[in-house]
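Below is one structure, written out as structure tokens; the observations come after it.
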Amino acid sequence: MAFTAAGAAADFLEGATLMGRRWLARWPRWGRGLVLGLVALILAPGVSGCQHSQSGQAVAEIRIGILNTPNDVAVARQLGYFQAAFPHQKLKFITFDSGVDANKALLSGGVDFATMGDTNGVVALAAEIPVQLCWINEICGANEALVVRRSAKIKRVEDLVGRKIATPFASTSHYSLMSALSQAGIRDQVTLLDMDTQNIVAAWQRGNIDAAYTWQPTLAQLLPEATVLCDSADLAQQGITTGNITLVRTQFAQAHPRLTQRFVATLDQAHQLRRRNFSQAVSAAARQVGISHREARLQMQGTTWPGASAEFSSAYLGAAGSSGAFVQAMTRTGQFMAGQQTITTAPSEQQFIDFIWKGDQEP
């Protein structure tokens, strides 16, 4: 379904430790400012910018749209990182089952930050929602997969011809599924069903669908009776990379750059903990989401968390004025989505570069 940015958006949208000056000098100037800001904010969370923004306005509440998954946000919530970083603000966490609803909330001003699949970030940019990409939470891997009923005895994507396949439309799984079907040459030879994760499980249990491309923890409920045909790690090896990102309302970021930087620093603390003590990070995420340690470990092992030290590198967001591999992958995603008429026009690579929030520093 196509939509225009002006008319249909509301309808469709459903420290790091510095290793010396030589290390820091390899960063672009705006990247250096962000890293230095992260370090300063982590080391002194109670200092400047907590109560008042640079605009001089007091910020009483910060509203954060989240996913119910064992990610960096879950770790930061459980271990009190957010509370320590924002002692003077009320934090309101709002769970969205899809990036479609998260984009609606961003568009209406209902949240200040929102985590979502990068495909919905593409939708936000194409629809000209006034937001910016401020963080890569994770890169999808084995945590998202295309599965088929084991009883169907199907071993290849090519053999899904004539089958009913469910996925949440406008999600990372949807994009990955369409890519896999296109590569197999059967995109127009299957029946695609738009279902949220809960309905996928229900339809699977009733026998109403043959296959599904979805993410954990929904995926875990299908696996006992399923065969995995491919996952997002397989597709990433072919340049079809997907991930979860956090967007910030441009108005909020411009009015409160220090609070925005503090938010990013808080999530980076979770990334640092994962690198330092994976088991502790898993335990924290499991408690926050309400799942077992084993389930959380399975889900988190299927993702990659870049962290602040890697985000502004050629592998992800790139250096000042140039794009990284993740930005290039998002550009290709936009082109694919435009070809599918999910969005009207594919944003250019430069638009994606401009879409990235760069903190107080500009190139």
Could you tell me if [Y] and [X] have a donor-acceptor pair between their side chains, going purely by distance under 3.5 Å?
X      : Y      : result
Glu144 : Ser176 : no
Asp72  : Trp135 : yes
Ser283 : Gln280 : no
Asn71  : Asn137 : no
Gln288 : Gln78  : yes
Thr246 : Thr115 : yes
Ser323 : Glu349 : yes

Side-chain heavy atoms under 4.5 angstrom apart, residues restricted to Ile, Leu, Val, Met, Phe, Trp, Tyr: same cluster for [X] and [Y]?
X      : Y      : result
Leu79  : Phe86  : no
Tyr316 : Phe312 : yes
Val123 : Ile245 : yes
Val248 : Val264 : yes
Leu247 : Trp305 : no

Practice item. State whether the number of non-hydrogen atoms from other residues, nucleotides or ligands found under 6.0 Å of Gln198 atom CD is greater than 12. Key: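 Check fails, neighbour count at 12 or below.
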
Review point. Does CZ belonging to Arg294 count more than 12 external heavy atoms closer than 6.0 Å?
Key: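 Open.
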
For the pair [X] (side chain) and [Y] (backbone), establish whether a donor and an acceptor sit closer than 3.5 Å, ignoring hydrogens and angles.
X      : Y      : value
Thr333 : Ala329 : yes
Gln351 : Ser348 : yes
Lys155 : Lys153 : no
Gln216 : Ala220 : yes
Gln189 : Gly185 : yes
Arg77  : Gln83  : no
Thr119 : Thr172 : yes
Arg187 : Ser182 : no
Asn103 : Asn120 : yes
Asp234 : Asp231 : yes

How far apart are the closest heavy atoms of [X] and [Y], and which atoms are they?
X      : Y      : value
Arg150 : Leu223 : NH2-O, 3.4 Å
Ala286 : Ala296 : CB-CB, 3.7 Å
Val75  : Ala281 : CG2-O, 3.5 Å
Ala124 : Val131 : CB-CG2, 4.0 Å
Gly110 : Ile94  : O-CD1, 4.2 Å

**Study point:** Derivation and outcome, side chain to side chain donor-acceptor pair (under 3.5 Å), residues Gln299 and Asn143
**Key:** CA-CA 6 Å; Gln299 295 181 46; Asn143 64 311; over 6 Å; no

Practice item. Answer yes or no: is there a side-chain heavy-atom contact under 4.5 Å between Trp204 and Gln221? Key: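 No - every pair of side-chain heavy atoms lies 4.5 Å or more apart.
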
How would you list, by chain and number, every residue that makes a salt bridge (Lys or Arg N to Asp or Glu O under 4.0 Å) with [X], sequence neighbours excluded?
X      : answer
Arg156 : Asp159
Asp210 : Arg163
Asp112 : Arg63, Arg249

Check your understanding: Which ring-ring contact (aromatic ring centres under 6.0 Å, His included) pairs, counting each pair once, include a residue from residues 233-254, with sequence neighbours left out?
Key ->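 Pairs touching residues 233-254 that pass the test: Phe113-Phe252, Phe252-His256.
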
Exercise for review: Pick out which of Thr214, Thr167, Ile209, Asn208 makes a side-chain contact (heavy atoms from CB on, under 4.5 Å) with Met195.
Suggested key: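 Only match with Met195 under side-chain contact (heavy atoms from CB on, under 4.5 Å): Ile209.
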
**Study point:** Given Thr260, Leu317, Leu133, the one that forms side-chain contact (heavy atoms from CB on, under 4.5 Å) with Trp357
**Key:**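 Checked Thr260, Leu317, Leu133 against Trp357; only one passes side-chain contact (heavy atoms from CB on, under 4.5 Å): Thr260.
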
Practice item. May I ask you to list the residues sharing a hydrophobic cluster with Ile291, side-chain cutoff 4.5 Å, ordered by chain and number? Key: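 For the cluster that includes Ile291, the remaining residues are Val289.
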
Review point. Which other residues end up in the same hydrophobic cluster as Ile154, if Ile, Leu, Val, Met, Phe, Trp and Tyr are linked when side-chain heavy atoms come under 4.5 Å apart?
Key: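 Noted: Ile154 shares its cluster with Leu146, Val148, Val157, Leu160, Val161, Ile165, Phe169, Tyr175, Leu177, Met178, Leu181, Ile186, Val190, Leu192, Tyr213, Leu229, Leu235, Ile240, Phe336.
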
Exercise for review: Please work out which of the three classes, parallel, tilted or perpendicular, describes the rings of Phe93 and Phe82, given edges at 30° and 60°.
Suggested key: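 Geometry flag for Phe93 against Phe82: perpendicular rings.
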
